[in-house]
Q: 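Have a look at the structure that comes next, please.
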Amino acid sequence: MLTRENTVNLVLALLLLAAPLAANALGQPFYVTLATRIAILALAALGLNLALGLGGLVSFGHAAFFGIGGYAAGILSSHALSYEPMIFGLPGTVQMPVIWIVAVIAAGLVALAIGAISLRTSGVYFIMITLAFAQMVYYFAISWPAYGGEDGLSILVRNQFPGLNTMKPLSFFLVCYVVLLAGIGLFALIRASRFGAALQAARQNETRVATVGIHPYRIRLTGFVISAMITALAGALYADLNRFVSPSMLSWHMSGELIVLIILGGTGRLFGPLAGAALYVAFEFALGGLTERWQFFLGLILLGVVLFARGGLLGLLAGKAKHG
Amino acid sequence: MTLALALEQLLNGIQLGVMLFLMAAGLTLIFGVMGLINLAHGSLYMVGAFACAAVAAWTGSFWLGLIASLACAAAAGAIVELAVIRRLYDRDHLDQVLATFALILIFSEGTRWLFGDFPLYLDIPALLQGVVTLPGDATYPVYRLAIIAVGALIALGLYLLIGKTRLGMRIRAGESDREMIGALGVDIRTLYTLVFALGSALAGLAGALVGALQSVQVGMGEPVLILAFVVIVIGGIGSIKGALYGALLVGVTDTLGRFLLPQLLALFVDPSQAGMIGGAMASMLIYVVMAVILAVKPRGLFPPAHA
Amino acid sequence: MKKMLAAATMALSLGASGLAMAEPLKIGMITTLSGGGAGLGVDTRDGFMLAIKEAGNKDITVVTEDDAQKPELAVQIADKMIQSDQVDVLTGIVWSNLLMAVVPGAVAQGKFYVSTNAAPAALAGQGCNKLYFNAAYQNDNLHEAMGEYANKTYKKMFILAPNYPAGKDSLTGFKRYYKGELAGEVYTKVGQTDYAAEIAQMRASGADGIFVFLPGGMGIAFMKQFAQSGVKIPVMGPGFSFSQDVLPAIGDAALGAKASGQWAPDFDTDVSKKFTADFQKEYNRLPSIYAVQAYDAAQLILSAAAKASVKDADAFRNELLKADIKSPRGNFKFNTNQHPIQDIYLTEVVKKDGVLTNKTVEKIFTDHGDAYAKDCKI
């Protein structure tokens, strides 16, 4: 059904594909890189949106999962290039699909542990405890000497995807674009599923969910873990985009930025993260070129969005959200 | 390790805790009364430090600077409350996080715009320079003792203000039932602005006091903001008493952890390694403490009775 | 990418045939101009632009962007400058972690990088690169010099640095030359602002000297608190701990502190005096060591550009290697790993005309290279 929101979504998706294709044809590979960044940040925010938008779980610590994904890519490829085995004698790898699986599993396990404790709390406590866990991971990464600490870890050659030359900006963009679309598809499926309904119901009315025999804690924990996994996948891609991973991917500013992307685009909406990421990267890029005081104006714009444009970009373009 | 050193480290921990209390008290008060998460609280701390450094440099008097820091932070808080915060009370936490995150960006770049790119100079006043001798022949800076005293006074003052005055009664009423207090004819908008300005002034005071100990620079409020959040979450959000205990717990844990963990590890590995690993563990320690406390008591040590 | 490589090869062959000489050169400067670390970036930019302005060469353009001290942003700007602005040379990054993010990618795309400050060990040894030059030092140098200096007077040093790679390199560099006993070796949290616990340990340790490496705000906090603590042990550190950007904020607490540096504002050479005067005239403040390093980086690029086309990478590199500049520091040449060989001095913080500044005391090292050059195979 082609509602107004669906039309807007379709246009957004097509724009994100068309712009880099055009940039590439015009010999402007940098804009392909910029579009790749948008796609990856959108995927990371999409992950968070599952917990935050559907489940109402305001995680202020998703940078932890983003960074874990990044480090999975960095660590695996550094071992593959140096031929030094990792723990248990396992070899490293430069194959993206393998890296993605490792990133997703690693983040899933960590999220299970963090979520199991954090979800005992709610509201502001939940916001702060997720922040605390992310800070723990952050300080660990800074002071752990094996993989570069604060200096981070360079990925000398971008990891490979079977049948593609990922060093070409456009090829790598297409990989990220397809992964993003798959992520959006998964999000839509989850939202429409029984599990998704339960997750949203647990946000709106906890008592009612409990009375019909669903355990909100388990539903939320599952949602939190899936959300972390998607964000970790984005982290692995982000590390490959920059060919570099460092603790700054784990910092609380990153967690804040992911939240910003979601609100800019429209909380809980399918294409909200994409709209938000596109807008944010465009602001950062355009303002950064204009003035070194760009953070001041970025702050003003964000403030304006919260105060006067509730519902974010999609709220403006496609009207009020149907749910929530 | 001597007893004197242990005593000195304990004092250091308490002093750090007291400083965190000044930050956390405002934060928890604002949350308790208005239900607002204010990420920009660290910016008001920075405003206090810059105001104090600027006025102290201009007039040569730290004390005038201190007054300026209170005034400027309170004024900045009141302006922000009137212009922005008051539109956020009935929003969810998400909007509050984003709006106050935006305020951090504005405050940080705005301050740099006004004061330039380099850290400012602020020294402790002549009156409080020097050291006192502790039992066991160690010495301790007078200024740090003064900070502990100021913290204790503020804690007492807040206790009296909230427990014994009319304003305090309204604050308590606001905490337990927001609709009710409006119905009783209390001008709730003014009350909120007042509470926000009070919290801001406390943050500004903390910034000024600490500014004399460390570097007055843009971004100085962010590390302490995160610590203050840890404090109020441990203590129970909205509880001044919880903020006090939480602050002391965090201050002492952090200081003793930094001091003891490397020494403990040095028993097992070589000192250089022990320094690195112990340092890494110490930097994570308070977050571990927080996670453990929340796992056992999800609403902190002293959860407020209401809500 | 392919297209660019093709263009580069074509340009190379053109250059080799000696066609291009004084052709346009575009320099991309990525540095920290916002946030808490902006002071260093501003000095870097101003030092660099002073040399560019003095040269008055219309063919040279500099594009500057703020990295906000974020590695990801630095990478993005580098990509933009390389792919979109088509710069020939990159420079300006202050921090090692940002440098490590940008340099491998930049040199892989055939761009020169001339560092104005950061010099991690990883790029000085096995990881050295033909296109990567460092105009400042190698990260360990100033710490090594303090280790050497400490040998003379001190028997029991207490050493302290933040718990991150540059901090570990610092203490490793110090210990490489220091032969005495250690009273303590402490790593503090990055960004820590209260050092009361560490200062108490210092006093209790019975140390006769203290070496600290705490850049930026951390150093300001430490020095103030140390002075207030009443502990009387002498403090020393690498030059940037007491550089011109932080001295005013530390205040008199810094007086008497010993540091190592390749340059100090009181250098009694014509080049140095002129530089200091010009910088003061242009920006109305004393230059810091970052400004000198950036000034020299600009001079190096200018000197090479005057003789060779940047499109001819080999020729341009050879000109850079000659280091044909008049550095305020005095002697300056490149080692085999394209890091400086230079003299390193002991300085002391003094007050001159009411302004805190560094005074040169003695020379610690003559023609000092670094420990990693032997691993560099270019």
Side-chain angles (χ1 to χ4, degrees), chain B residues 1-2 4-5 8-9 11-13 15-16 19 53 108-109 112 116-124 128-132 138-144 210 212-220 222-224 251 254-259 262-263 271-272 274-280 282-283, chain C residues 32-43 69 159-163 167-168 171-172 175 182 184-201 203-204 216-225 227-231 244-253 285:
Chain B
M1 182 182 57
T2 63
L5 181 59
E8 189 179 353
Q9 296 294 31
L11 273 179
N12 284 331
Q15 183 258 310
L16 180 61
M19 204 279 299
S108 292
E109 275 315 297
R112 216 166 63 80
D117 303 309
F118 296 95
L120 296 192
Y121 171 75
L122 179 63
D123 198 11
I124 55 181
L128 297 176
Q129 257 154 12
V131 292
V132 291
T139 55
Y140 201 74
V142 176
Y143 186 73
R144 285 181 188 264
V210 169
L213 283 175
Q214 61 178 53
S215 161
V216 178
Q217 63 181 23
V218 170
M220 65 187 284
E222 291 177 17
V224 74
D254 187 58
T255 306
L256 293 187
R258 265 153 55 200
F259 167 55
Q263 299 199 351
S272 183
M276 278 181 217
I277 303 170
S283 58
Chain C
T32 305
L33 299 172
S34 67
L40 311 190
V42 169
D43 255 20
Q69 213 178 328
I159 58 179
L160 177 134
N163 201 1
K168 283 161 203 158
L171 298 194
T172 312
K175 290 189 285 182
L182 283 181
E185 177 173 358
V186 169
Y187 291 94
T188 55
K189 188 163 88 173
V190 177
Q192 183 171 320
T193 49
D194 195 288
Y195 293 91
E198 288 75 16
I199 293 170
Q201 264 176 283
R203 177 174 44 215
M218 293 186 273
I220 297 173
F222 176 84
M223 285 310 293
K224 284 166 85 169
Q225 291 163 25
Q228 290 157 12
S229 72
V231 181
Q244 213 58 49
D245 54 303
V246 291
L247 275 183
I250 301 177
D252 290 351
R285 63 174 194 274

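So you know, we letter chains A, B, ... as the sequences are listed, proteins then strands, and number each from 1.
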Q: Side chain from CB out, backbone as N, CA, C, O: work out which of these in C/I250 comes under 4.5 Å of a heavy atom of chain B, or both, or neither.
A: backbone
Q: Sequence neighbours left out, what passes salt bridge (charged side-chain N to carboxylate O under 4.0 Å, His left out) with B/D254? Give chain and number order.
A: B/R258
Q: Using non-hydrogen atoms only, which part of C/T188 is less than 4.5 Å away from chain B: side chain, backbone, both, or neither?
A: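 Neither part, no heavy atoms under 4.5 Å.
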Q: C/L33 versus chain B, heavy atoms under 4.5 Å apart: side chain, backbone, both or neither?
A: backbone
Q: Hey, mind stepping through B/Q15 and C/D194 against side-chain contact (heavy atoms from CB on, under 4.5 Å) and telling me if it holds?
A: CA-CA 10 Å; B/Q15 183 258 310; C/D194 195 288; 3.9 Å; yes
Q: Look at the side chain of C/K224 and the backbone N and O of B/Q214, then say whether any donor-acceptor pair between them is shorter than 3.5 Å.
A: yes
Q: Indicate the atoms forming the closest heavy-atom contact of C/A200 with B/L5, along with that distance.
A: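 Looking at all heavy atoms of both residues, the closest pair is O-CD1, 3.5 Å.
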Q: Within the 3.5 Å criterion, strictly below it, is a donor on C/Q225 or B/R144 matched to an acceptor on the partner's side chain?
A: yes
Q: Which atom pair, heavy atoms only, marks the closest approach of B/P119 to C/I220?
A: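 For B/P119 and C/I220, the tightest heavy-atom pair comes out as CG-CD1, 3.5 Å.
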Q: Identify which of B/P141, B/G116, B/A4, B/A53 forms the greatest number of heavy-atom pairs closer than 4.5 Å to chain C.
A: B/P141
Q: Tell me which of these, C/K189, C/Q228, C/Q192, has more heavy-atom pairs under 4.5 Å with chain B than the rest.
A: C/Q228
Q: Considering only heavy atoms and a distance below 4.5 Å, find which of C/R285, C/M223, C/M218 pairs most often with chain B.
A: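 Of C/R285, C/M223, C/M218, C/R285 has the most heavy-atom pairs under 4.5 Å with chain B.
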Q: With chain C, which of B/L213, B/L256, B/N12 has the greatest number of heavy-atom pairs at distances under 4.5 Å?
A: B/L213
Q: Side chain, backbone, both or neither: which part of C/Y195 has a heavy atom under 4.5 Å from chain B?
A: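 Only the backbone of C/Y195 comes within 4.5 Å of chain B.
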Q: Answer with side chain, backbone, both or neither: which region of C/V186 has an atom nearer than 4.5 Å to a non-hydrogen atom of chain B?
A: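 The answer is neither part of C/V186.
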Q: Among B/V216, B/L122, B/T255, who wins on heavy-atom pairs under 4.5 Å with chain C?
A: B/L122
Q: Could you check whether any side-chain N or O of C/R203 sits under 3.5 Å from a backbone N or O of B/T139, counting only pairs where one atom can act as donor and the other as acceptor?
A: yes
Q: Locate the shortest heavy-atom distance separating C/S229 from B/V131; write the atom from each residue and the value.
A: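 Taking C/S229 first and B/V131 second, the nearest heavy atoms are O-CG1, 3.3 Å.
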Q: Find the one option among B/M220, B/E109, B/Q129 whose heavy-atom pairs under 4.5 Å with chain C are most numerous.
A: B/E109
Q: So how far is it from B/F118 CZ to C/D43 CG, rounded to the nearest 0.5 Å?
A: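 B/F118 CZ to C/D43 CG: 4.5 Å, rounded to 0.5 Å.
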Q: Quick one: of B/D123, B/I124, B/L120, who has the most non-hydrogen atom pairs under 4.5 Å with chain C?
A: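 Ranked by contacts with chain C, first place is B/I124.
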